[in-house]
Trainee: 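My questions all concern the structure below.
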2 protein chains.
Amino acid sequence: MNKVKKQLESYREQFREREYKMTPQRRLILQTLLENKEQHLSAEELHALLKEKDSEIGLATVYRTLELMEDLSIVHKLNFGDGRSRYELCQPHAEHQHHHLVCLRCNRILEVKEDLLQQLETLIEREHGFQIFDHRVSFYGYCSDCQKGGTTGEDANE
Amino acid sequence: MNKVKKQLESYREQFREREYKMTPQRRLILQTLLENKEQHLSAEELHALLKEKDSEIGLATVYRTLELMEDLSIVHKLNFGDGRSRYELCQPHAEHQHHHLVCLRCNRILEVKEDLLQQLETLIEREHGFQIFDHRVSFYGYCSDCQKGGTTGEDANE
DNA sequence: TTATCTGCAAAGAATTTGCAGATAT
DNA sequence: ATATCTGCAAATTCTTTGCAGATAA
């Protein structure tokens with residue numbers, strides 16, 4: 001998996017540009033995020049994963065690193081209304097982030113690649129004179145599994 | 001302002017259907033939300049407004065009432081990434097909520113009436129078999145004032 | 001070398017909960 | 001009458017901060 005190494009090298013460069021140091025802790029956090037790309041981890045979940053790797057990274061460091069990387073546009077901070085912030089790696093080459101589908105029954109979070117908000121953005125920029133840099137879109141409903149399923153449904157979280 | 005009274009009566013009915021009681025505290029909270037429709041209040045801000053009216057409603061009651069009203073689909077819980085939840089009354093007759101424009105410089109939150117997500121929703125329902133009930137959309141950028149203004153810009157919050 | 005970074009523990013902020021008395025229906 | 005609701009204070013949970021020693025560049 002040379003791809004991961006290359007990606008880490010690219011992040012190191014982003015750090016250097018802003019005079020931030022690439023420490024073992026930061027590297028391991030990035031590595032873990034790369035290994036869990038599809039996950040939307042919270043700070044505590046990430047911290048738990050790091051512990052499994054026998055690292056002694058403190059929770060405060062995890063928070064500080066995530067904040068820093070959000071500032072560097074390496075991660076996006078997300079909120080799905082469950083009382084904690086969640087994070088995901090930015091897609092380096094995507095014009096915009098994808099959208100999230102939050103299942104109201106099993107709480108799974110699915111993703112959609114399609115953007116299709118260009119039309120709406122153009123309208124907003126024209127009508128409201130608001131210059132858009134990014135957007136966050138979540139759809140709430142029932143995933144296909146939960147539409148079939150009985151009344152209970154498994155809960156993906158806790 | 002007979003309109004407000006009518007609206008309160010309608011909320012009372014929603015409460016009754018679920019066997020919740022309409023207490024003076026709940027009525028005053030609803031009234032205050034109606035008087036601040038365009039505001040996106042946090043629980044503490046709402047609590048402060050209630051205090052100005054010489055009511056002795058406890059903060060815990062405010063939280064409990066907001067939770068209850070979210071469950072009744074009377075209010076929407078919103079998150080703009082400022083570390084606290086914010087609430088707004090649902091638009092009773094709107095198919096969907098409007099969208100929010102979050103200015104990254106002055107932190108003002110503007111609104112757009114246009115929905116225009118139907119096309120995207122149709123695509124998602126078809127391609128992903130995901131049955132959509134609602135969506136939350138926020139756009140991040142610079143409002144028209146902040147595009148003109150200097151480098152500082154006033155901060156609408158704190 | 002030296003400014004930045006880390007871990008720890010303590011602090012802070014938002015939200016929730018337990019309980020005993022009060023109150024809508 | 002009684003199940004629900006309220007206010008208070010304490011408890012929880014998530015996140016941030018101060019500090020002294022450690023470390024990347």
Side-chain angles (χ1 to χ4, degrees), chain A residues 8-9 11-30 32 40-51 53-72 74-75 77-87 157-158, chain B residues 8-9 11-30 32 40-51 53-72 74-75 77-87 157-158:
Chain A
L8 285 173
E9 206 41 55
Y11 289 134
R12 182 199 206 99
E13 188 50 41
Q14 292 184 63
F15 275 62
R16 183 149 37 202
E17 279 170 23
R18 295 277 294 272
E19 319 231 290
Y20 292 129
K21 293 172 181 174
M22 178 56 87
T23 65
Q25 290 88 340
R26 289 173 180 177
R27 196 188 335 273
L28 192 59
I29 287 173
L30 279 166
T32 307
H40 315 106
L41 297 169
S42 68
E44 296 229 46
E45 286 166 356
L46 177 53
H47 185 234
L49 285 176
L50 294 166
K51 235 181 212 154
K53 299 189 176 194
D54 294 318
S55 79
E56 303 279 290
I57 302 181
L59 184 54
T61 300
V62 173
Y63 274 107
R64 278 185 289 227
T65 303
L66 287 169
E67 189 191 8
L68 182 115
M69 298 198 309
E70 203 207 350
D71 189 48
L72 288 176
I74 291 175
V75 300
K77 192 177 185 175
L78 305 169
N79 187 294
F80 297 118
D82 62 348
R84 72 212 66 186
S85 294
R86 295 180 170 279
Y87 300 83
N157 290 319
E158 56 233 67
Chain B
L8 285 173
E9 206 41 56
Y11 288 135
R12 182 198 206 98
E13 188 50 41
Q14 292 184 62
F15 275 61
R16 183 148 36 202
E17 278 170 24
R18 295 275 295 272
E19 319 232 288
Y20 293 130
K21 293 172 179 173
M22 179 55 88
T23 65
Q25 290 88 340
R26 289 173 180 177
R27 196 186 337 272
L28 191 59
I29 286 173
L30 279 166
T32 307
H40 314 106
L41 297 170
S42 68
E44 297 229 46
E45 286 165 358
L46 177 53
H47 185 235
L49 285 176
L50 294 166
K51 234 181 212 154
K53 299 189 174 190
D54 294 317
S55 79
E56 302 279 290
I57 302 181
L59 184 53
T61 300
V62 173
Y63 274 107
R64 277 186 287 227
T65 303
L66 287 170
E67 189 192 7
L68 182 114
M69 298 198 308
E70 204 207 349
D71 189 47
L72 288 176
I74 290 175
V75 299
K77 192 176 186 176
L78 304 169
N79 187 292
F80 297 119
D82 63 348
R84 74 212 66 187
S85 294
R86 296 181 169 278
Y87 300 83
N157 291 320
E158 53 234 65

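Lettering follows sequence order; numbering is per chain, from 1.
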Trainee: Can you see if the side chain of S85(A) gets near the phosphate of dT15(D) - specifically, an N or O under 4.0 Å from OP1 or OP2?
Mentor: yes

Trainee: Compare side-chain N and O positions of R26(A) against OP1 and OP2 of dT6(C) and report whether any pair is under 4.0 Å apart.
Mentor: yes

Trainee: Could you give the CG-to-P distance, from D71(B) to dT16(C), as a whole number of Å?
Mentor: 13 Å

Trainee: Using only atom types and a distance under 3.5 Å, with no angle test, would you say the side chain of S55(B) pairs donor to acceptor with the backbone of L50(B)?
Mentor: yes

Trainee: Tell me what R12(A) touches on the nucleic acid: a base, only sugar-phosphate, or nothing, going by heavy atoms under 4.0 Å.
Mentor: sugar-phosphate

Trainee: Want to settle it: does Y20(B) or Y87(B) sit nearer the 5' end of DNA chain C, counting the closest nucleotide to each?
Mentor: Y87(B)

Trainee: May I have the distance from I29(B) (atom CD1) to dC5(D) (atom C1'), rounded to whole angstrom?
Mentor: 12 Å

Trainee: What does the list of N/O pairs under 3.5 Å between the protein and nucleotides 18-22 of chain D look like, with a distance for each?
Mentor:
{"unit_1": "dG18(D)", "atom_1": "O6", "unit_2": "R64(A)", "atom_2": "NH1", "d": "3.3"}

Trainee: I need the CG-C1' distance between N79(A) and dT15(C), as an integer number of Å.
Mentor: 14 Å

Trainee: Side-chain N or O of Q25(A) versus OP1/OP2 of dG7(C): is the shortest distance under 4.0 Å?
Mentor: yes

Trainee: Whole-Å distance between dT17(D) P and E67(A) CD?
Mentor: 8 Å

Trainee: Taking the axis from the first five pairs and the axis from the last five, what angle separates them in the helix from dT1(C)-dA25(D) to dT25(C)-dA1(D), rounded to 10 degrees?
Mentor: 50°

Trainee: Would you say that R26(B) contacts Y20(B) through its side chain, given a criterion of any heavy-atom pair below 4.5 Å between the two side chains?
Mentor: yes

Trainee: Could you tell me the separation between the CG atom of D82(B) and the NE2 atom of H40(B), rounded to the nearest 0.5 Å?
Mentor: 11.5 Å

Trainee: Which pair of heavy atoms, one from E70(A) and one from K77(A), lies closest together, and at what distance?
Mentor: OE2-CB, 3.4 Å

Trainee: Can you tell me the distance, in whole Å, between the CZ atom of F80(A) and the C1' atom of dC14(D)?
Mentor: 17 Å

Trainee: Less than 4.0 angstrom between a side-chain N/O of Y63(B) and OP1 or OP2 of dT16(C), yes or no?
Mentor: no

Trainee: L46(A) and V62(A): which non-hydrogen atoms are nearest, and at how many Å?
Mentor: CD2-CG1, 3.9 Å

Trainee: Within the sub-3.5 Å range, which N or O atoms of nucleotides 10-12 of chain C have a protein N or O partner, and how far apart are they?
Mentor:
none

Trainee: Check this one for me: any side-chain N or O of T23(B) less than 4.0 Å away from OP1 or OP2 of dT6(D)?
Mentor: yes

Trainee: Starting at the 5' end of DNA chain C, which residue's closest nucleotide do you reach first, L59(B) or M22(B)?
Mentor: L59(B)

Trainee: Where do L72(B) and R18(B) come nearest, in terms of heavy atoms and distance?
Mentor: CD2-CG, 3.5 Å

Trainee: So which of R86(A), R84(A), K51(A) actually passes salt bridge (Lys or Arg N to Asp or Glu O under 4.0 Å) with E45(A)?
Mentor: R86(A)

Trainee: Check the distance between dA3(C)'s C1' and E19(A)'s CD and give it to me in whole angstrom.
Mentor: 10 Å

Trainee: Among all residues two or more places apart in sequence or in another chain, which pass the ring pair (Phe, Tyr, Trp, His ring centres under 6.0 Å) test with F15(B)?
Mentor: none

Trainee: Going by side chain to side chain contact (heavy atoms under 4.5 Å, CB included), name the residues that satisfy it together with E13(A), two or more places apart in sequence or in a different chain.
Mentor: R16(A), E17(A)

Trainee: Can you tell me the distance, in whole Å, between the CZ atom of R18(B) and the C1' atom of dA24(C)?
Mentor: 18 Å

Trainee: Listed by chain and number, what are the ring pair (Phe, Tyr, Trp, His ring centres under 6.0 Å) partners of Y63(B), not counting sequence neighbours?
Mentor: none

Trainee: For L8(B), is there any backbone N or O sitting under 3.5 Å from a side-chain donor or acceptor partner on R27(B)?
Mentor: no

Trainee: Taking OP1 and OP2 of dC14(D), is either one under 4.0 Å from a side-chain nitrogen or oxygen of R86(A)?
Mentor: no

Trainee: dC5(D) P sits how many Å from R16(B) CZ, rounded?
Mentor: 14 Å

Trainee: Taking only side-chain N and O atoms of R84(B), does any of them lie within less than 4.0 angstrom of OP1 or OP2 on dT15(C)?
Mentor: no

Trainee: Among the nucleotides dT25(C), dG7(D), dT15(C), which one has an atom lying closest to any side-chain atom of A43(B)?
Mentor: dT15(C)

Trainee: So does T61(B) get a backbone contact from the side chain of H47(B), meaning a donor-acceptor N/O pair under 3.5 Å?
Mentor: no

Trainee: Of all the choices, dT25(C), dA14(C), dG7(D), which nucleotide is nearest to the side chain of E44(B) once you look at every atom?
Mentor: dA14(C)

Trainee: What are the two closest heavy atoms between A43(A) and L59(A), and how far apart are they?
Mentor: O-CD1, 4.0 Å

